[in-house]
Amino acid sequence: MSDFKQLEHTTYPTYEGYDLGLTYTSARSLFKVWAPTAQQVHVALYDDAGMYDQEGIVPEHGGGREFPMSRDDRGVWSVALEGNWNRYYYMYRLEWADSTVHYAVDPYATAVSANGQRTVILDLAPTNPDGWEEDTGPTLERATDAVIYELHVRDFSMDTHFNTGEKDTSAVQGKFAAFTYSGLKDTVGNTIGLDHLQELGITHVHLLPVADFHTVNDLAEFKTGYNWGYDPQHYNVPEGSYSSNSADPEARIRELKQLVQSLHTAGIGVILDVVYNHTYSVEKGPFEPVVPGYYYRTDEQGQLTNGSGVGNEVATERPMVRKYIKDSLRYWAREYHIDGFRFDLMGLMDTPTVEQLTQELRAEVRPDLLIYGEPWTGGESPQPLLTLKGTQRDKGFAVFNDNYRSAIKGDSDGTGSGFATGAWNQEEQVLKGAFGAIHDFTAHPSESINYVTAHDNLNLWDKILTVRGLREHCGFPQWEQGKPRDGRTAAQAVAEADPYRELDEKALLEDETVRKSLLANGMVLTSQGIPFIHAGDELLRSKYGDHNSYHSVDAVNAIRWANKARFRQVFDYYQGLIALRRSHPAFRMDHRELVEQHMEVLQSSGNVVAFALRHHANGDVWNHIVVIYNGSDTEQTVLLPAESDRWHVVVDAHGAGNEIRYEVAGHRVTISRWSMMVLYDQEEPAQVSFLTEQDQDTGKVENGAEGSDEEKDQEIATGETASFRTIELIYERADRQYSGWNVWVWGTGCRDGHVELRDLEDGRAVARIQVALDVQRIGYIVRLNQWDAKDIEADRYIEVDPTRSVMQVLIHSGQEEYLLLVNDNRAG
């Protein structure tokens with residue numbers, strides 16, 4: 001059927017509408033499919049899902065009521081059928097020039113039968129849970145505010161301890177619905193499940209693929225199938241095996257929405273792992289049966305290329321493929337209230353497609369949507385515009401920082417070590433990662449996803465055991481395709497192994513493997529960028545040495561909830577680090593200039609890295625913060641900045657959080673082996689009364705003082721209440737349209753970040769920026785909303801006049817230069 005070679009010389013019409021697939025109302029159903037090479041297309045309607053064989057396949061689709069469709073000049077076939085067809089099934093019957101005929105599921109399907117054998121006409125409104133219209137995920141002021149937790153739906157609830165409390169959860173284990181149960185606890189009162197996620201403090205759950213995938217039979221016995229889900233079949237439909245009833249097309253949709261709503265209610269966003277770079281099958285996939293040869297890349301001989309490593313790669317650069325991806329993402333974000341997307345093998349996608357989908361989703365759906373992916377491929381690709389590390393600069397999306405990953409832990413599956421696992425001479429690479437890779441491959445820290453382990457490869461505990469040569473001691477088998485090589489079943493091998501055999505649980509935080517694991521993710525959580533944690537690290541999760549558990553059994557993959565009570569100190573340490581990060585914006589700088597201004601290296605030698613976050617970095621209430629990583633096997637003494645002689649320790653080898661553990665006097669501190677430390681010198685709440693956006697019109701001030709805007713302006717102008725100066729940035733646009741425009745500032749020494757434009761008069765708007773007295777220059781960008789657009793691309797700077805308490809600066813839209821206006825507000 002396919003002729004890939006001929007495709008390269010064929011021009012295909014394109015369609016720009018947003019109504020491909022099914023448009024349902026109770027009065028009629030409109031079907032549209034882009035199939036420009038078909039000679040004739042019918043839509044076939046059925047009363048039921050068809051007759052399944054023993055493999056869970058419906059081999060015969062004849063016998064339906066077939067209605068001819070009409071083709072327009074853009075290659076779109078369409079037909080409108082009057083009446084209410086809700087819960088009927090349909091297929092497209094396509095006829096080709098050689099008279100061959102076959103049936104295909106709608107590639108834009110949003111509902112399907114079990115195993116995706118037929119498309120379903122479905123009214124989506126009844127799938128919305130109660131309160132769905134009010135549902136919303138957490139908003140992010142900056143991408144670096146996120147703390148991402150990568151989790152597989154089935155792993156979350158398959159452990160027997162998930163069903164040991166007062167509530168019977170056996171029916172939802174391994175299902176979407178497991179995320180809707182709150183109040184679950186283990187036998188000693190520790191929260192598990194949803195409440196555990198909330199207690200941990202993460203901001204977003206990154207779900208491994210939940211779109212309908214190929215290799216798990218929805219209709220098989222429950223425990224016979226497991227897969228990570230990177231074998232996509234229907235891109236816009238939830239996976240049937242995660243549903244309580246895969247034969248009911250509504251159930252999977254409703255239950256995924258309930259999952260999202262439940263996490264949102266807990267204050268946690270939902271990120272979907274999406275797989276647009278390849279399909280599980282070509283001939284039996286979602287695209288080839290509809291437009292043969294169009295959706296896949298080929299070589300000069302017309303053969304499918306294999307940049308994915310699984311036999312094909314989707315041609316994302318082709319107009320209708322690019323459109324399909326953007327339409328699909330838009331659908332997920334709107335219909336399911338999704339808060340972000342992680343792209344599998346993003347490197348295989350052409351950069352223009354990724355850049356466009358980022359811009360359009362942020363503009364059309366929500367401006368703080370998280371978008372990130374893997375900046376690598378699984379093989380060689382003919383596409384010249386691959387989205388590799390560095391291509392994301394200033395494009396609004398982030399990529400996984402495997403440079404930092406390798407610097408921290410070493411290689412992924414072998415005995416190679418990194419900074420936290422015993423290697424020397426990694427200090428320079430560690431610093432690059434800690435600085436958000438701005439001296440490596442990013443323009444800003446918000447482009448770097450910092451992590452040490454994920455679902456792929458050895459998880460963190462098993463990696464450290466491997467480096468330490470303890471796999472055999474712990475009884476790990478040799479794994480091959482999810483099975484032990486010695487002939488035992490996976491369940492037997494797991495039962496006979498003990499990942500914690502060398503661990504002295506009475507001195508848990510003294511253990512070498514525990515310390516190295518805490519150091520590794522501690523580095524992730526205290527570095528600039530977006531932190532990403534693999535589910536279960538906070539419970540010392542092990543997969544018994546299985547480095548590729550994509551279709552291994554639950555005994556390998558399930559999160560073991562009993563480990564929370566067993567390793568509670570480890571959980572508390574993670575919880576403390578996350579709370580520290582979320583409480584202190586110094587760890588979440590999202591702009592390059594902020595990092596360059598506030599971060600300073602204190603030491604980078606002897607397997608010790610230490611740096612300072614200075615001068616209330618990013619508006620932090622702590623003045624100077626010192627972060628120290630000791631990857632050596634001996635305690636180390638580190639010099640502290642000379643500006644202070646009393647330091648408050650909030651993180652050391654034995655605990656982490658915001659509370660002071662003890663104080664250090666002088667300019668030296670000793671840090672334990674294989675551990676980290678965070679200290680600060682003094683907490684100084686802002687001495688200025690800053691107006692919040694909400695209170696601008698009322699005159700209410702953050703510290704409780706009240707007064708009119710005029711009184712506050714007078715106080716600022718005369719310097720009667722604060723030791724700072726003010727820059728009045730006067731912005732002028734030729735179109736006089738200021739809605740949504742604001743100013744982003746850095747280097748102020750007071751409060752960096754978002755500043756509103758206000759006081760519109762004479763066709764101009766004003767932003768008032770507070771600047772510390774010792775600051776000589778500030779940086780700024782005039783932007784639309786949250787980076788929807790910039791007035792000009794270049795960063796701009798204002799030289800501060802030390803003789804003035806108030807400076808007035810006039811800038812014109814599109815011009816880099818500014819005009820310093822004369823006023824009488826002289827200092828002193």
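All of these numbers come straight from a predicted model, not from anything done at the bench. Only this structure's heavy atoms are used, side chains among them; waters, hydrogens and symmetry mates stay out.
- Judged as a side-chain hydrogen bond (donor to acceptor under 3.5 Å, both in side chains), and not counting sequence neighbours, Gln776 has no contacts.
- In this pair, His439 and Phe435 present their aromatic rings tilted. The plane angle is within the 30 to 60° band.
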- Task: May I have the step-by-step check of side-chain hydrogen bond (donor to acceptor under 3.5 Å, both in side chains) for Asn401 and Tyr451, ending in yes or no?
- Result: CA-CA 7 Å; Asn401 189 343; Tyr451 74 116; over 6 Å; no
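- Judged by the 6.0 Å and 45° rule, Arg777 forms a cation-pi pair with Tyr797.
- Every residue was checked against the side-chain hydrogen bond (donor to acceptor under 3.5 Å, both in side chains) condition with Arg582, not counting sequence neighbours, and none meets it.
- Checked against salt bridge (charged side-chain N to carboxylate O under 4.0 Å, His left out), Glu317 has the following partners two or more places apart in sequence or in another chain: Arg297.
- For Phe611, the ring-ring contact (aromatic ring centres under 6.0 Å, His included) test picks out Tyr629, with sequence neighbours left out.
- Within 6.0 Å of atom CD in Glu659, 12 or fewer heavy atoms from other residues, nucleotides or ligands are found, so the atom counts as exposed in its surroundings.
- Under a cut-off of 6.0 angstrom, the local environment of CD in Glu428 is sparse, with at most 12 non-hydrogen atoms contributed by other residues, nucleotides or ligands.
- At a threshold of 4.0 Å, the pair Glu150-Arg342 does not count as salt-bridged, since none of the basic side-chain nitrogens sits closer than that to a carboxylate oxygen.
- Residues satisfying the side-chain hydrogen bond (donor to acceptor under 3.5 Å, both in side chains) criterion with Lys389, sequence neighbours excluded, are Asp402.
- Listed by chain and number, the residues in a ring-ring contact (aromatic ring centres under 6.0 Å, His included) with His624 are His615 (sequence neighbours excluded).
- Electrostatic pairing of Arg393 and Glu447 does not count as a salt bridge here, judged by no charged N lying under 4.0 Å from a carboxylate O.
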